[in-house]
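What follows is a short report on a single structure.
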Amino acid sequence: KDVNIVVPVRRKRAAASHYNTDVTAPAPTVSADQFAPEPGFTLRQRLLLPLIAWAGALLVRLLCATVRYHNSAEPGGPLDANERPMIWAFWHRCLIVATHRFQKRDIAVLTSRSFDGEVISRIIEKFGYQAVRGSSRRGALGAVLGARRELEGRRAVAFTVDGPLG
């Protein structure tokens with residue numbers, strides 16, 4: 001007979017750390033499918049996505065054709081908006097104008113894995129952005145690691161600071 005014997009292994013602890021008690025634990029693994037959109041969209045949603053993305057991109061172009069921009073910088077802020085790596089933070093109310101204003105600048109944007117996030121990602125990709133999927137509720141680790149990977153690749157990353165809870 002084969003007998004499996006399980007021997008408990010005692011892990012070493014950091015000597016002076018009160019916070020990281022398990023220093024031998026492996027780092028969390030993130031698979032590529034964690035960055036993919038949330039599965040389970042209905043047939044209706046999948047059929048509407050291209051139409052909504054096309055109409056949304058058209059709406060952004062039409063609305064922003066009437067906007068005048070004025071650049072201003074806070075003291076101590078970056079002098080060059082094309083400096084890399086950079087983290088951009090903005091409010092949801094600025095989403096449409098920011099999409100048009102900063103297009104084709106090699107910026108990765110954190111977007112939700114929900115259907116609304118899929119719509120937003122398809123619209124912003126038409127303006128030259130790359131979507132990094134995840135939010136504070138679903139796929140947070142994947143979003144943070146994806147943003148980190150983009151920053152390490154010398155790309156700018158943008159996100160909205162007023163998340164789903166305000």
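The structure displayed is predicted, hence computed values, not measured ones.
- Trp91 and Val97 fall into different hydrophobic clusters, defined by Ile, Leu, Val, Met, Phe, Trp and Tyr side-chain heavy atoms under 4.5 Å apart, directly or through other members.
- No more than 12 heavy atoms of other residues, nucleotides or ligands lie within 6.0 Å of CD1 in Ile96, so this atom counts as exposed by the packing criterion.
- Checked by atom type, the side-chain pair Ser112/Arg133 shows no donor-acceptor distance below 3.5 Å.
- In this structure, NE2 on His92 lies 3.5 Å from OG1 on Thr160, to the nearest 0.5 angstrom.
- Evaluation of the side-chain contact (heavy atoms from CB on, under 4.5 Å) rule for Ala65 yields no partner, not counting sequence neighbours.
- Annotation: side-chain contact (heavy atoms from CB on, under 4.5 Å) contacts of Leu58 (sequence neighbours excluded): Trp54, Leu62.
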Tabulate below the donor-acceptor pairs under 3.5 Å that side-chain atoms of residues 119-127 make, not counting sequence neighbours, or state none.
| unit_1 | atom_1 | unit_2 | atom_2 | d |
| --- | --- | --- | --- | --- |
| Ser121 | OG | Gly117 | O | 3.4 |
| Ser121 | OG | Glu118 | O | 2.9 |
| Arg122 | NE | Glu118 | OE2 | 2.9 |
| Arg122 | NH2 | Glu118 | OE2 | 3.4 |

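- Scanning for salt bridge (Lys or Arg N to Asp or Glu O under 4.0 Å) contacts around Arg84 gives an empty result, with sequence neighbours left out.
- Within the structure, side-chain hydrogen bond (donor to acceptor under 3.5 Å, both in side chains) pairs that include any residue of residues 94-103 comprise Tyr69-His100, Asn71-Arg101 (at least two apart or interchain).
- To the nearest 0.5 Å, the span separating CD on Gln45 from CG on Leu43 amounts to 10.0 Å.
- For Asp106, the salt bridge (Lys or Arg N to Asp or Glu O under 4.0 Å) criterion is met by Arg155, not counting sequence neighbours.
- Scanning all heavy atoms of the two residues, the minimum distance from Val132 to Ala108 falls at CG2-CB, 3.9 Å.
- Here the CZ atom belonging to Phe115 is positioned 6.0 Å from the CG atom belonging to Leu48, to the nearest 0.5 angstrom.
- Across every non-hydrogen atom of Phe90 and Ala158, the tightest pair is CE2-CB, 3.8 Å.
- A 6.0 Å sphere centred on CZ of Arg148 holds no more than 12 heavy atoms belonging to other residues, nucleotides or ligands.
- For Thr66, there are no side-chain contact (heavy atoms from CB on, under 4.5 Å) partners at least two apart in sequence or on another chain.
- Listed by chain and number, the residues in a side-chain contact (heavy atoms from CB on, under 4.5 Å) with Leu151 are Pro85, Ile87, Val157 (sequence neighbours excluded).
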